[in-house]
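Numbering of residues begins at 1 and proceeds along the displayed sequence.
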Amino acid sequence: MDQEKIKQGVRLLLEGIGEDPSREGLKDTPDRVARMYEEIFGGMEESAGEHLSKVFTADSAGIVLEKDITFYSTCEHHLMPFYGRAHIAYLPRGKVAGLSKLARTVEVYARRLQIQEQMTGQIADAIMEHLQPGGVMVILEAEHMCMTMRGIKKPGSNTVTVAVRGAFADEALQEQVYRMMRL
């Protein structure tokens, strides 16, 4: 990331909204924002393969479900946060990922300028590519600040997106995942 360009951009933004970037409360803001962006957009320089390459042998062929993985992302349309929970189910074929690796995979894609629909598919595709399971189902539930703070102003509304790959195209298998999520 180019920290200097970010700082310049923040100074211009402050001036653009009528603020004085040299006033006491704002003089360090460009630096703080640049450091924050390095953290919240850290997924730009990461690959899901780094995390999903660490696997364990497992004979189980049943569904593995990791649910309620909290994530925070930034909408590429308004540069505002959206946040929520991810649920990932997959059918292992001889190898499983450590559970933290599924959460790290969510983070890789959440820590980018993003749209929820795309992020859902990216997570599913990464798991299919790197774990080569019989199938995967990814569900994201999120509240978007562009819906809460501006525009329609409807706090509490959630967007749900689902991506299914492989065996999870079967609606009975999808229903089993939904039942497991309610446990």
Side-chain angles (χ1 to χ4, degrees), residues 40-44 46-55 58 60-183:
I40 67 173
F41 297 125
M44 300 286 293
E46 282 188 85
S47 163
E50 294 172 36
H51 306 294
L52 294 172
S53 65
K54 295 171 179 71
V55 295
S60 171
I63 296 172
V64 174
L65 171 64
E66 180 72 14
K67 63 183 188 174
D68 297 323
I69 302 166
T70 301
F71 71 87
Y72 300 89
S73 193
T74 305
C75 170
E76 66 185 31
H77 297 149
H78 296 99
L79 299 182
M80 294 190 78
F82 67 95
Y83 55 91
R85 297 175 305 156
H87 316 283
I88 300 171
Y90 71 101
L91 289 167
R93 275 201 247 171
K95 58 185 178 180
V96 294
L99 296 178
S100 69
K101 305 312 180 200
L102 297 176
R104 289 186 189 281
T105 299
V106 170
E107 285 298 301
V108 164
Y109 294 107
R111 293 174 56 203
R112 300 175 179 194
L113 285 177
Q114 193 59 276
I115 62 171
Q116 181 177 335
E117 298 88 342
Q118 175 178 280
M119 183 174 146
T120 310
Q122 289 171 329
I123 295 166
D125 291 340
I127 291 168
M128 287 300 288
E129 178 183 345
H130 297 287
L131 295 184
Q132 299 173 342
V136 66
M137 182 172 176
V138 177
I139 304 159
L140 299 185
E141 305 172 62
E143 183 168 350
H144 293 247
M145 295 307 288
C146 58
M147 288 271 296
T148 298
M149 289 181 63
R150 57 155 306 278
I152 193 78
K153 295 184 180 111
K154 297 296 178 199
S157 59
N158 282 309
T159 300
V160 178
T161 52
V162 180
V164 295
R165 305 288 188 268
F168 282 99
D170 178 357
E171 289 183 18
L173 207 50
Q174 291 177 33
E175 188 54 41
Q176 187 175 350
V177 170
Y178 289 127
R179 281 194 306 274
M180 291 171 71
M181 287 173 55
R182 289 190 289 268
L183 296 177

With a 4.5 Å heavy-atom cut-off, do [X] and [Y] have their side chains touching?
X: Gln174; Y: Met137; value: yes
X: Thr74; Y: Phe41; value: yes
X: Lys95; Y: Gln132; value: yes
X: Gln122; Y: Gln114; value: yes
X: Glu141; Y: His87; value: yes
X: Ser100; Y: His51; value: no

Task: Verdict with reasoning, Glu107 to Glu46, per side chain to side chain contact (heavy atoms under 4.5 Å, CB included) - done: CA-CA 9 Å; Glu107 285 298 301; Glu46 282 188 85; 5.9 Å; no
Open item on the list: Show, in sequence, the C-alpha distance, side-chain angles and deciding distance for Gln116 and Thr159, and conclude whether the side-chain hydrogen bond (donor to acceptor under 3.5 Å, both in side chains) test is met.
Closed with: CA-CA 8 Å; Gln116 181 177 335; Thr159 300; 4.6 Å; no
Quick one: closest heavy-atom pair of [X] and [Y], and the distance?
X: Phe71; Y: Met119; result: CD1-CE, 3.6 Å
X: Pro92; Y: Gly62; result: CD-O, 3.2 Å
X: Ala126; Y: Thr105; result: CB-CG2, 4.4 Å
X: Leu173; Y: Ala167; result: CD2-O, 3.5 Å
X: Val108; Y: Arg112; result: O-NE, 3.1 Å
X: Leu102; Y: Ile88; result: O-CD1, 4.0 Å

- [ ] Sequence neighbours left out, what passes ring pair (Phe, Tyr, Trp, His ring centres under 6.0 Å) with Tyr109? Give chain and number order.
- [x] none
Working to the nearest 0.5 angstrom, can you tell me the gap between [X] [atom1] and [Y] [atom2]?
X: Leu140; Y: Tyr83; atom1: CG; atom2: OH; answer: 15.0 Å
X: Leu113; Y: Ser73; atom1: CG; atom2: OG; answer: 8.0 Å
X: Leu52; Y: Arg104; atom1: CG; atom2: CZ; answer: 11.5 Å
X: Ile139; Y: Met181; atom1: CD1; atom2: CE; answer: 4.0 Å
X: Leu183; Y: Lys67; atom1: CG; atom2: NZ; answer: 5.5 Å
X: Glu50; Y: His130; atom1: CD; atom2: NE2; answer: 9.5 Å

Can you confirm whether more than 12 heavy atoms, excluding those of [X], are under 6.0 Å from its [atom1] atom?
X: Arg111; atom1: CZ; answer: yes
X: Met180; atom1: CE; answer: yes
X: Ile152; atom1: CD1; answer: no
X: Glu175; atom1: CD; answer: yes
X: Tyr178; atom1: OH; answer: yes

Open item on the list: Just to verify, which of Val138, Ile63, Leu65, Val96 counts as forming a side-chain contact (heavy atoms from CB on, under 4.5 Å) with Tyr90?
Closed with: Val96
Checking [X] side chain against [Y] main chain: does a donor-acceptor pair fall under 3.5 Å?
X: Arg85; Y: Thr70; value: no
X: Glu143; Y: Gly156; value: yes
X: Lys101; Y: Val55; value: no
X: Gln118; Y: Ile115; value: no

TODO: Look at the aromatic rings of His144 and Phe82 and report parallel, tilted or perpendicular, splitting at 30° and 60°.
DONE: parallel
